[in-house]
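Here the structure comes first, spelled out in structure tokens, and everything after it is commentary.
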2 protein chains.
Amino acid sequence: MKQAKRKKLEAKGWKVGTAAEFLGLSPEEEVLIDMKLALARHMKALRTRKKLSQKDVAKLLESSQSRVAKMEAGEPSVSMDLLVKALLVMGASQKDLAKTIATKSIAA
Amino acid sequence: MKQAKRKKLEAKGWKVGTAAEFLGLSPEEEVLIDMKLALARHMKALRTRKKLSQKDVAKLLESSQSRVAKMEAGEPSVSMDLLVKALLVMGASQKDLAKTIATKSIAA
DNA sequence: TGAAAATATGTCAAATATGACATACAATCA
DNA sequence: TGATTGTATGTCATATTTGACATATTTTCA
């Protein structure tokens, strides 16, 4: 595991404070985090492209601006279900989602 | 929305008991359910192919046999996160997941 | 500039998902 | 057959995720 990768995750708020904790992440957990971060990035990109505010997306999602912010920030408290829903309400297709999920977000 | 589709969802335990409730599902919610059912099917297929019992998978996943059963049954109480984790611990790749997610599980 | 709009961050009660357990049912096979 | 193994179903206390809210910070632009 590279330092750069660790920093990226820490920066996002994932609880990887100590080396021990970080090493405690299984490869599967890492991949899941990768996928969620990829979805978060896609979400922000799509929203920006559509010129929507976080408030706008919150309305479409029936959620709140603060939660949308947390989603885009890739906070650990956000479920994959919610990320996917958000992309769908912004008009993303299943294919779009598949592509995003297949994307490695952090260099291995 | 076709009857066949509705029956499939009802059979899985999704709360679509009445026509009104069913019609209350937004297209995005339907797609999300589709995706989760596709993951559930993939999960069972992979487990069977690997000749693992639900108990075996539960151990890998640090979960329980009953939850694995519910996952495979496509119960609404199961998160996408958990489905993805399950596939990952069984050795599925991000690419596999992407493919599954791109798959329409129920005829539109 | 400065004020308005957008975004970020922190908190919390309510809603939902979770593993664990008991137990029912089904499949396998000696 | 029945006994063993595997799967399904229901329940529940606990854990996590949620929308909402307040408020801080940043961005935008006249």
Side-chain angles (χ1 to χ4, degrees), chain A residues 10-17 21 24-26 28-29 32-33 35-37 39-41 43-90, chain B residues 10-17 21 24-26 28-29 32-33 35-37 39-41 43-90:
Chain A
E10 286 176 343
K12 296 287 184 178
W14 295 88
K15 295 205 203 67
V16 288
E21 277 172 305
L25 282 184
S26 69
E28 294 80 25
E29 284 167 327
L32 183 62
I33 291 175
M35 288 172 53
K36 289 170 78 166
L37 292 181
L39 289 169
R41 275 209 318 276
M43 198 193 145
K44 178 160 193 173
L46 184 53
R47 178 179 66 80
T48 302
R49 183 152 70 68
K50 294 218 164 194
K51 303 209 190 297
L52 297 171
S53 66
Q54 291 181 344
K55 211 174 173 183
D56 293 334
V57 175
K59 187 146 201 179
L60 289 172
L61 236 198
E62 302 180 82
S63 180
S64 61
Q65 177 270 324
S66 60
R67 185 128 303 270
V68 172
K70 289 179 213 320
M71 293 168 79
E72 289 186 356
E75 288 201 10
S77 79
V78 175
S79 73
M80 194 158 172
D81 296 68
L82 192 60
L83 287 165
V84 167
K85 268 188 224 167
L87 283 162
L88 291 175
V89 298
M90 283 196 283
Chain B
E10 285 175 345
K12 296 288 184 178
W14 295 87
K15 294 206 204 66
V16 288
E21 277 173 305
L25 281 183
S26 68
E28 294 80 25
E29 284 168 326
L32 183 61
I33 291 175
M35 289 173 53
K36 289 170 81 166
L37 292 180
L39 289 169
R41 273 209 319 278
M43 198 193 146
K44 178 161 192 172
L46 184 53
R47 177 179 66 80
T48 302
R49 182 152 71 69
K50 295 218 165 195
K51 302 208 189 301
L52 296 171
S53 66
Q54 292 182 343
K55 211 174 172 183
D56 293 334
V57 174
K59 187 146 199 178
L60 289 172
L61 193 53
E62 300 180 84
S63 179
S64 62
Q65 178 270 324
S66 59
R67 185 130 302 268
V68 172
K70 289 180 215 317
M71 293 169 79
E72 289 186 355
E75 287 199 10
S77 79
V78 175
S79 73
M80 194 158 171
D81 297 68
L82 191 60
L83 288 165
V84 167
K85 268 187 222 166
L87 282 162
L88 291 175
V89 299
M90 282 196 283

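In the text below, chain A, chain B and the rest are named by the order of the sequence lines, each starting its count at 1. All values derive from a computational prediction rather than experimental measurement.
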Note to self: Using the side-chain heavy atoms of A/Ser66, tell me which of these nucleotides is nearest: D/dT11, C/dT9, D/dA8.
What the structure shows: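 Of the options given, the side chain of A/Ser66 lies nearest C/dT9.
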Check: Among D/dG19, C/dA8, C/dT18, which is the nearest nucleotide to the side chain of B/Arg67?
Finding: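 Looking only at heavy atoms from C-beta outward on B/Arg67, the closest nucleotide is C/dT18.
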Checklist line | Spatial distance of atom CG (B/Leu83) from atom CE (B/Met35) [nearest 0.5 Å] | finding: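 Answer rounded to 0.5 Å: 10.5 Å.
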Check: Any idea which heavy atoms bring A/Glu28 and B/Leu88 closest together, and the distance?
Finding: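 That would be O-CD1, 3.5 Å.
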Notebook entry, point to check: Taking five pairs at each end of the helix from C/dT1-D/dA30 to C/dA30-D/dT1, what angle separates the two helix axes (nearest 10°)?
Noted result: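 The end-segment axes of the helix from C/dT1-D/dA30 to C/dA30-D/dT1 are tilted 40° relative to each other.
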Next item on the list: Tell me, please, which residues at least two apart from A/Leu60 pass side chain to side chain contact (heavy atoms under 4.5 Å, CB included).
Entry: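 Side chain to side chain contact (heavy atoms under 4.5 Å, CB included) check on A/Leu60 returns A/Leu52, A/Val89.
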Item checked: Partner residues of B/Ala69 under the side chain to side chain contact (heavy atoms under 4.5 Å, CB included) criterion, sequence neighbours left out ->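 Testing B/Ala69 for side chain to side chain contact (heavy atoms under 4.5 Å, CB included), a comparison that skips the adjacent residues, returns B/Gln54, B/Gln65.
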Check: Is A/Ser79 near enough to D/dT17 that one of its side-chain N or O atoms lies under 4.0 angstrom from OP1 or OP2?
Finding: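 For A/Ser79, the contact criterion (side-chain N or O under 4.0 Å from OP1 or OP2 of D/dT17) is not met.
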Note to self: Tell me every residue that passes side-chain hydrogen bond (donor to acceptor under 3.5 Å, both in side chains) with A/Ser64, counting only those two or more places apart in sequence or in another chain.
What the structure shows: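 With neighbours one apart ignored, the set is A/Ser66.
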Next item on the list: Classify the side chain of A/Ser64 versus the base of D/dC21 as yes if they form a donor-acceptor pair under 3.5 Å and no if they do not.
Entry: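 Absent.
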Check: Ignoring hydrogens and angles, does a donor from either the side chain of A/Lys70 or the base of D/dG19 sit under 3.5 Å from an acceptor on the other?
Finding: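 Answer no: no donor N or O sits under 3.5 Å from an acceptor.
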Note to self: B/Arg67: which residues meet the salt bridge (charged side-chain N to carboxylate O under 4.0 Å, His left out) condition with it, sequence neighbours left out?
What the structure shows: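 Applying salt bridge (charged side-chain N to carboxylate O under 4.0 Å, His left out) to B/Arg67 gives none.
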Next item on the list: Would you give a per-nucleotide map of nucleotides 24-30 of chain D, 5' to 3', where B means the base has a protein non-hydrogen atom under 4.0 Å away, S means only the sugar-phosphate does, and - means neither?
Entry: -------
Margin query: I need a per-nucleotide contact map over nucleotides 23-30 of chain C, read 5' to 3'. Cutoff is protein heavy atoms under 4.0 Å; write B for the base, S for backbone only, - otherwise.
Written below: --------
Length of the [atom1]-[atom2] vector between [X] and [N], whole Å:
| X | N | atom1 | atom2 | answer |
| --- | --- | --- | --- | --- |
| B/Met80 | D/dT17 | CE | P | 15 Å |
| A/Met71 | D/dT17 | CE | P | 13 Å |
| A/Lys59 | C/dT7 | NZ | C1' | 19 Å |
| B/Leu61 | C/dG19 | CG | P | 6 Å |

Margin query: Can a donor-acceptor pair be found, under 3.5 Å and without considering hydrogens, that links the side chain of B/Asp81 to the backbone of A/Ser79?
Written below: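 No.
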Next item on the list: Using heavy atoms and a sub-4.0 Å distance, could you list which residues of residues 81-88 of chain A are near DNA chain C? By number, please.
Entry: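 Within residues 81-88 of chain A, no residue comes under 4.0 Å of DNA chain C.
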Notebook entry, point to check: With sequence neighbours left out, which residue pairs that include part of residues 47-60 of chain A fulfil the salt bridge (charged side-chain N to carboxylate O under 4.0 Å, His left out) condition?
Noted result: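 Every salt bridge (charged side-chain N to carboxylate O under 4.0 Å, His left out) pair that includes a residue of residues 47-60 of chain A, provided the two are not neighbours, is A/Arg47-A/Glu72.
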Item checked: Those residues of residues 44-58 of chain B lying under 4.0 Å from DNA chain D by at least one heavy atom ->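 Contacts with DNA chain D under 4.0 Å: B/Lys44, B/Arg47, B/Ser53, B/Gln54.
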Check: Do B/Met80 and B/Leu32 come within less than 4.5 Å of each other through their side chains, counting heavy atoms only?
Finding: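 Yes. Closest side-chain heavy atoms under 4.5 Å.
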Check: Which one of B/Lys44, B/Met43, B/Lys36 satisfies the side-chain contact (heavy atoms from CB on, under 4.5 Å) criterion with B/Met71?
Finding: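 One option only clears the test, and that one is B/Met43.
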